Amino acid sequence: IWSLPELTEYASISAYASNSLAFSQGSDILAIGGAAAGGGAMGEILLWNIAGKQEVGRLDGSMRQISCLAFSPDRRTLASGSNDGVMQLW
């Protein structure tokens with residue numbers, strides 16, 4: 001994560017290979033979707049608190065890698081899509 005316009009690194013997250021990112025309204029939570037930490041075809045979503053620079057949760061249950069993410073405007077729902085064409089609401 002980079003701080004702009006200073007172009008300095010703010011935080012580094014190396015949980016797993018990510019395919020998609022989404023910031024919540026207000027940019028306090030970053031959702032990172034991709035393959036599960038153990039690898040393979042299973043998907044997982046990592047929730048990261050930007051200000052605290054720490055993981056605040058993981059969402060798993062997708063049968064395939066996560067390919068897209070979007071927060072609802074009220075930040076209460078996260079939509080994910082996976083490589084098998086399935087959409088989930090969290």
Side-chain angles (χ1 to χ4, degrees):
I1 300 173
W2 293 86
S3 177
L4 300 177
E6 297 87 11
L7 300 178
T8 58
E9 185 176 301
Y10 178 76
S12 179
I13 305 167
S14 58
Y16 54 85
S18 63
N19 296 333
S20 56
L21 303 170
F23 282 98
S24 66
Q25 184 78 2
S27 300
D28 58 333
I29 299 292
L30 174 64
I32 306 165
M42 298 295 286
E44 184 174 59
I45 301 167
L46 172 71
L47 299 174
W48 186 264
N49 179 294
I50 300 297
K53 298 182 184 180
Q54 64 184 357
E55 179 182 327
V56 293
R58 285 182 188 249
L59 304 172
D60 56 10
S62 178
M63 297 305 292
R64 297 284 182 233
Q65 293 182 15
I66 304 299
S67 56
C68 57
L69 294 166
F71 279 96
S72 64
D74 66 2
R75 303 174 358 150
R76 296 181 60 174
T77 305
L78 176 66
S80 67
S82 58
N83 291 342
D84 58 358
V86 174
M87 186 191 87
Q88 292 177 284
L89 300 175
W90 304 86

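Source: prediction; values computed, not measured.
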What's the spacing between [X] [atom1] and [Y] [atom2] if we round to 0.5 Å?
| X | Y | atom1 | atom2 | value |
| --- | --- | --- | --- | --- |
| R76 | F71 | CZ | CZ | 14.0 Å |
| L69 | W90 | CG | CH2 | 10.0 Å |
| S24 | N49 | OG | CG | 9.0 Å |
| Q88 | T77 | CD | OG1 | 13.5 Å |
| L47 | I32 | CG | CD1 | 8.5 Å |
| S18 | E44 | OG | CD | 12.5 Å |

Original post:
Taking I66 as the fixed residue, which of D60, N19, I45, L59 is the one that meets the side-chain contact (heavy atoms from CB on, under 4.5 Å) rule?
Top reply: I45

Original post:
Given the rule that I, L, V, M, F, W and Y join up when any side-chain heavy atoms are under 4.5 Å apart, are L78 and V56 in one cluster?
Top reply: yes

Original post:
Under a 4.5 Å side-chain heavy-atom rule over Ile, Leu, Val, Met, Phe, Trp and Tyr, are Y10 and F23 clustered together?
Top reply: yes

Subject >> All salt bridge (Lys or Arg N to Asp or Glu O under 4.0 Å) counterparts of D84, not counting sequence neighbours >> reply: none

Original post:
Between S67 and S20, what is the shortest heavy-atom contact and its length?
Top reply: O-CB, 3.6 Å

Subject >> Validation row: P73, Q25 side chains within 4.5 angstrom (heavy atoms) >> reply: no

Subject >> Close side-chain approach of V86 and R64, heavy atoms under 4.5 Å >> reply: no

